[in-house]
Q: 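Sharing a structure with you now.
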Amino acid sequence: MTTQVQPQSKTVSANGHTLHYLDWGNVGKPVALLVHGLRGHAHSWDDVSAALCDDFQVLALDQRGRGDSDWAKDGDYTTSAYVADLAGFVEALGLDKFVLVGHSMGGRNSMAYAGQNPDRLEKLVIVDVGPVLDSRGSNRIADEIRNVPEEFDSFEDVFNYQNAQNRFASEEVMRRRVQYSTKELPNGKIGWKYDAVIREQRRNNTVPPADDLWPSLPKITCPSLIVRGAETDLLASDTAQQMLETIPNSQMVEIPQAGHMVFEDNPADFIAAVKEFLG
């Protein structure tokens with residue numbers, strides 16, 4: 001998929017941090033705020049953003065510690081910190097009612113935000129995550145983060161390393177993923193752009209305990225879509241079903257030929273499902 005529209009790169013001060021985001025234009029249209037996962041960034045959503053930006057003012061956020069946003073000053077990467085950032089971002093931009101789309105960690109942050117601020121949301125899209133994570137996926141992701149090299153000799157080396165772990169996404173999508181998640185190091189090699197604390201917490205087993213999000217779900221009053229990759233290892237079918245039964249006004253869709261990175265693995269079907277839900 002080729003992106004035609006080019007977003008504006010912007011920053012805003014929120015909750016004591018400078019947060020970077022991509023604004024895809026169309027001020028005056030309904031706002032859709034897109035929130036990436038653990039190792040993602042605002043550009044993760046480029047295909048989705050480009051597809052939605054005719055009908056929405058799409059804002060894709062770099063969450064703290066990723067992309068071009070500030071790293072957490074105190075190393076705080078808890079759900080409550082991310083949700084406070086979201087709330088600060090919404091206030092700083094003066095958003096009234098908006099659509100919130102969150103993937104993985106961003107989906108957990110979105111569920112927590114939605115439970116606390118139900119009147120703010122027009123609609124909610126939760127992408128391949130639940131209050132409980134399938135251990136197959138959570139262990140895989142933790143292992144990938146623990147074992148990843150700190151630096152590579154070239155961009156191609158990073159791409160080949162990442163692409164070997166990929167089942168479904170196109171080369172174009174994988175190159176974009178790597179482009180915005182890496183940086184050139186002072187020694188001329190290529191390293192990771194996101195805060196090393198995020199890796200070290202997994203290497204040292206100091207990741208803060210996960211919040212229990214089940215109590216948030218009945219408080220989500222807006223229409224909600226649960227999106228599950230048919231080949232995912234992170235959102236178990238029974239968890240998705242329980243979410244469907246717990247979130248009052250919810251529906252679910254499964255995207256074929258997609259693992260956990262649903263919208264990168266099968267952008268066409270993901271975009272079609274989200275567009276249909278958003279009307």
Side-chain angles (χ1 to χ4, degrees), residues 11-21 31 33-42 44 59-121 123-133 137-138 141-142 145 194-222 224 226 234-235 239 242-243 246-247:
T11 59
V12 67
S13 181
N15 191 32
H17 291 76
T18 298
L19 299 180
H20 171 261
Y21 65 103
V31 171
L33 175 55
L34 313 184
V35 189
H36 62 75
L38 181 65
R39 293 170 289 178
H41 41 70
S44 300
L59 308 175
L61 178 64
D62 276 331
Q63 297 187 89
R64 60 167 60 197
R66 282 82 170 178
D68 294 314
S69 287
D70 282 351
W71 292 359
K73 295 176 175 64
D74 46 8
D76 186 355
Y77 290 106
T78 57
T79 300
S80 57
Y82 292 118
V83 171
D85 288 351
L86 267 181
F89 181 83
V90 168
E91 292 300 328
L93 268 62
L95 305 183
D96 183 19
K97 297 271 277 191
F98 60 97
V99 171
L100 182 58
V101 182
H103 170 247
S104 198
M105 178 196 78
R108 288 182 58 83
N109 300 340
S110 298
M111 285 186 275
Y113 178 88
Q116 293 172 25
N117 304 275
D119 296 340
R120 288 281 189 162
L121 297 187
K123 292 186 175 181
L124 172 67
V125 182
I126 304 162
V127 186
D128 210 71
V129 76
V132 178
L133 306 181
S138 58
I141 291 166
I145 292 174
Y194 66 88
D195 188 353
V197 167
I198 295 163
R199 294 196 291 288
E200 290 310 310
Q201 286 180 342
R202 280 149 186 87
R203 289 169 176 167
N204 304 330
N205 293 314
T206 55
V207 178
D211 292 12
D212 179 9
L213 294 181
W214 285 117
S216 296
L217 301 196
K219 300 172 186 171
I220 299 172
T221 53
C222 66
S224 299
I226 302 157
L234 198 82
L235 177 58
T239 302
Q242 192 175 348
M243 292 168 68
T246 309
I247 301 173

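The chain is numbered in sequence order, starting from 1.
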Q: Going by heavy atoms in the side chains, are Gln201 and Pro208 under 4.5 Å from each other?
A: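 SC-SC contact between Gln201 and Pro208 confirmed.
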Q: Among all residues two or more places apart in sequence or in another chain, which pass the side chain to side chain donor-acceptor pair (under 3.5 Å) test with Asn117?
A: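 Here no residue qualifies.
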Q: Taking only residues two or more places apart in sequence, or in another chain, which ones meet Asp62 in a side chain to side chain donor-acceptor pair (under 3.5 Å)?
A: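 Asp62 satisfies side chain to side chain donor-acceptor pair (under 3.5 Å) with His20 once adjacent residues are dropped.
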Q: Apply side-chain contact (heavy atoms from CB on, under 4.5 Å) to residues Leu124 and Ile247 and explain how you reach the verdict.
A: CA-CA 11 Å; Leu124 172 67; Ile247 301 173; 5.7 Å; no
Q: In terms of ring plane angle, is the pair Phe89 and Tyr21 parallel, tilted or perpendicular, where the classes change at 30° and 60°?
A: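 Plane angle over 60°, so perpendicular.
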Q: Measure across Asn15 and Ala84 and return the closest heavy-atom pair with its distance rounded to 0.1 Å.
A: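 In terms of heavy atoms, the two residues are closest at ND2-CB, 3.3 Å.
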Q: CG/Leu38 to CD1/Ile198 distance, rounded to the nearest 0.5 angstrom?
A: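 Interatomic distance, Leu38 CG to Ile198 CD1, rounded to 0.5 Å: 6.5 Å.
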Q: Do any side-chain atoms of residues 94-114 form donor-acceptor pairs under 3.5 angstrom with protein atoms, and if so which ones, sequence neighbours left out?
A:
residue: Lys97; atom: NZ; partner: Asp119; partner atom: O; Å: 3.2
residue: His103; atom: NE2; partner: His260; partner atom: O; Å: 2.9
residue: Ser104; atom: OG; partner: His260; partner atom: NE2; Å: 2.8
residue: Arg108; atom: NH1; partner: Gly130; partner atom: O; Å: 3.2
residue: Arg108; atom: NH1; partner: Pro131; partner atom: O; Å: 3.1
residue: Arg108; atom: NH2; partner: Asp211; partner atom: O; Å: 2.9
residue: Asn109; atom: ND2; partner: Gln63; partner atom: OE1; Å: 2.8
residue: Asn109; atom: ND2; partner: Met105; partner atom: O; Å: 3.3
residue: Ser110; atom: OG; partner: Gly106; partner atom: O; Å: 2.7

Q: Does any part of the side chain of Leu59, heavy atoms only, come nearer than 4.5 Å to the side chain of Leu93, both counted from C-beta?
A: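 Contact flag for Leu93/Leu59 side chains = yes.
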Q: Applying side chain to side chain donor-acceptor pair (under 3.5 Å), can you list everything that pairs with Arg202, at least two apart in sequence or on another chain?
A: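 For Arg202 there are no side chain to side chain donor-acceptor pair (under 3.5 Å) partners, ignoring immediate neighbours.
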Q: Under the side chain to side chain donor-acceptor pair (under 3.5 Å) test, which residues partner Asp70, sequence neighbours left out?
A: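 With sequence neighbours excluded, Asp70 shows a side chain to side chain donor-acceptor pair (under 3.5 Å) to no residue whatsoever.
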Q: Compare every heavy atom of Ile126 with every heavy atom of Val129, then report the nearest pair and how far apart it is.
A: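 It is O-CG2, 3.6 Å.
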Q: What's the verdict on side-chain contact (heavy atoms from CB on, under 4.5 Å) for Arg39 and Ile141, showing C-alpha distance, side-chain angles and the deciding distance?
A: CA-CA 10 Å; Arg39 293 170 289 178; Ile141 291 166; 3.8 Å; yes
Q: Do Trp214 and Val132 come close enough that some side-chain heavy atom pair is under 4.5 Å?
A: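 Of all side-chain heavy-atom pairs linking Val132 with Trp214, at least one is under 4.5 Å.
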Q: Roughly how far apart are Leu121 CG and Cys222 SG, rounded to 0.5 Å?
A: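 Going from the CG atom of Leu121 to the SG atom of Cys222 covers 5.0 Å.
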Q: If every non-hydrogen atom of Met243 is compared with every non-hydrogen atom of Leu235, which pair is closest and at what distance?
A: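 In this case the closest contact between Met243 and Leu235 is SD-CD1, 4.0 Å.
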Q: Sub-3.5 Å donor-acceptor pair from the side chain of Arg66 to the main-chain atoms of Arg64, do we have one?
A: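 Such a contact is found between Arg66 side chain and Arg64 backbone.
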Q: Is there a side-chain contact between Leu86 and Leu61, using heavy atoms and a 4.5 Å cut-off?
A: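 Of all side-chain heavy-atom pairs linking Leu61 with Leu86, at least one is under 4.5 Å.
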Q: Go through the structure and list residues passing side chain to side chain contact (heavy atoms under 4.5 Å, CB included) with Pro218, not counting sequence neighbours.
A: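 By the side chain to side chain contact (heavy atoms under 4.5 Å, CB included) rule, Pro218 matches Thr246.
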Q: Which atom pair, heavy atoms only, marks the closest approach of Gly115 to Ile220?
A: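 Closest approach of Gly115 to Ile220: N-CG1, 3.9 Å.
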Q: If you look at every heavy atom in Leu19 and Ala14, which pair is closest and at what distance?
A: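 So the minimum-distance heavy-atom pair works out to CD1-CB, 3.9 Å.
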Q: List the steps, then state whether side-chain contact (heavy atoms from CB on, under 4.5 Å) holds for Tyr77 with Asp195.
A: CA-CA 10 Å; Tyr77 290 106; Asp195 188 353; 2.5 Å; yes
Q: On a heavy-atom basis, which atom in Gly137 and which in Leu234 lie closest, and how many Å separate them?
A: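 Shortest heavy-atom separation between Gly137 and Leu234 comes out as C-CD1, 3.4 Å.
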